[in-house]
2 protein chains.
Amino acid sequence: MTTLIETFAALSDPTRLDVIERLMAEGELPAGALVENTQMSAPAMSRHLKVLRHAGLVEQRVAGTSRLYSVRPEALKAIADWTMDHRTFWEAGMARLDAHLALEEGEGE
Amino acid sequence: MTTLIETFAALSDPTRLDVIERLMAEGELPAGALVENTQMSAPAMSRHLKVLRHAGLVEQRVAGTSRLYSVRPEALKAIADWTMDHRTFWEAGMARLDAHLALEEGEGE
DNA sequence: ACCATTATTAACATAAGTGTTAATTAACGA
DNA sequence: TCGTTAATTAACACTTATGTTAATAATGGT
C-alpha cells in the first residue's frame, strides 16, 4: 500500500499535477504525448512518470514501443476518503466562518 | 490565494501531516504541545509550522508567549473540492474495477 | 530590573528533488 | 540486420528541503 504522504508528494509538483489532470480529462496517453505540451525534456518527464507510478497514482501499459499511462482511480479515492474522514471538522469550520462573515456583513464591517 | 500544489506540498511531510491530523482531532494547540510528541527539536517544528502557515493550512493565534495553532477549514475544503471535481472520473473507474474483480471472482481466477 | 518560559530566526551541514545531455534498451519496418 | 522511433536509465549540476545547535525576541512573574 502506498501512503497518503507519497500521494501528496507526487501531486506537489506542477508538472505531475498537470499530467494527472490531463490523463483524467483525456484518458490513457503515451509518454510522448505528455511531453509535447511541456517545455520539458523527455527524460525529465519520464522521471516524473516514475514518481507517479511509485506513488500508485498512475499505471503503465506497454504497447509496442509506447508506454501508455492512465490514472489509477484508487489513488484519487484515497484522497477523497481522507478528506471525507475529516469532513465533520472542515464542514463545521466552514459553517462557523460563513456565520462569522454574514455577521460582519450585517454590521457593515 | 494559495495553490493546491502548495497545499499538497505542505501535506507531503509526515511531521506536518501528523500536526494537521492532531490539530483536527484535538483543536487549537500551542507550538510546544506539538513538539512534545515528536523526536524533533523545537526549531524544526517551528519551521514546519511556518510551511503549513504559508500554505494556508493552519493559522496562528498569539496568546502571551504561546503561539496557538489551528487548522484552517478552507484548506481542507479546497482538497475536498478538487477530488469532488474529478469524482465522476474515479467513481467510474472504481466501479469498473469492482466489476472486473467480481468477474474474476466468479470465474475462479 | 531580572530571570524563566515559549517560540522563532540565524547559520550551518547534509540529503533529496529536478533539470540537462549523452548513452542505453526495446520494438518495428524496410 | 540496419536504421528509426519511443522511452528509459546514467551521470552530472544545481536548487530546495530538513535537521541540528546557538543566538535572539517577547511575555510574564518576582
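These numbers come from a predicted model, not from an experiment. Below, chain A is the first sequence line, B the second, and so on; all start at residue 1.
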ask   = Under 6.0 Å between ring centres, would you say that holds for A/His86 and A/Trp82?
value = yes

Between [atom2] on [N] and [atom1] on [X], what's the gap in Å once rounded to a whole number?
| X | N | atom1 | atom2 | result |
| --- | --- | --- | --- | --- |
| B/Leu34 | C/dT6 | CG | C1' | 13 Å |
| A/Ile5 | C/dG17 | CD1 | P | 13 Å |
| B/Met45 | C/dT6 | CE | P | 16 Å |
| B/Leu52 | D/dT18 | CG | C1' | 14 Å |
| B/Leu29 | C/dT6 | CG | P | 15 Å |
| B/Tyr69 | C/dT6 | OH | P | 15 Å |

Review item, side-chain donor-acceptor pairs of residues 32-44 of chain B, under 3.5 Å, at least two apart:
unit_1	atom_1	unit_2	atom_2	d
B/Thr38	OG1	B/Val35	O	2.7
B/Thr38	OG1	B/Met40	N	3.2
B/Ser41	OG	B/Ala44	N	3.4

message = I'd like to know if A/Lys77 pairs up with A/Asp81 as an ion pair, taking the criterion as any Lys NZ or Arg NE/NH1/NH2 lying under 4.0 Å from an Asp or Glu carboxylate oxygen.
response = yes

query = Does a salt bridge link A/Arg53 with A/Glu59, judged by any charged N lying under 4.0 Å from a carboxylate O?
reply = no

Which residues share a side-chain contact (heavy atoms from CB on, under 4.5 Å) with B/Phe89, sequence neighbours left out = A/Met24, A/Val71

query = For C/dA7, does OP1 or OP2 lie under 4.0 Å from any side-chain N or O of B/Gln60?
reply = no

task = Indicate whether OP1 or OP2 belonging to C/dA7 is found under 4.0 Å from a side-chain N or O atom of B/Lys50.
result = no

query = Base, backbone or nothing for each nucleotide of nucleotides 18-30 of chain C, written B, S, -, heavy atoms under 4.0 angstrom, 5' to 3'?
reply = BBBBB----BS--

query = If only atom types and distance count, is the side chain of A/His100 paired as donor or acceptor with the main-chain N or O of A/Arg96 below 3.5 Å?
reply = no

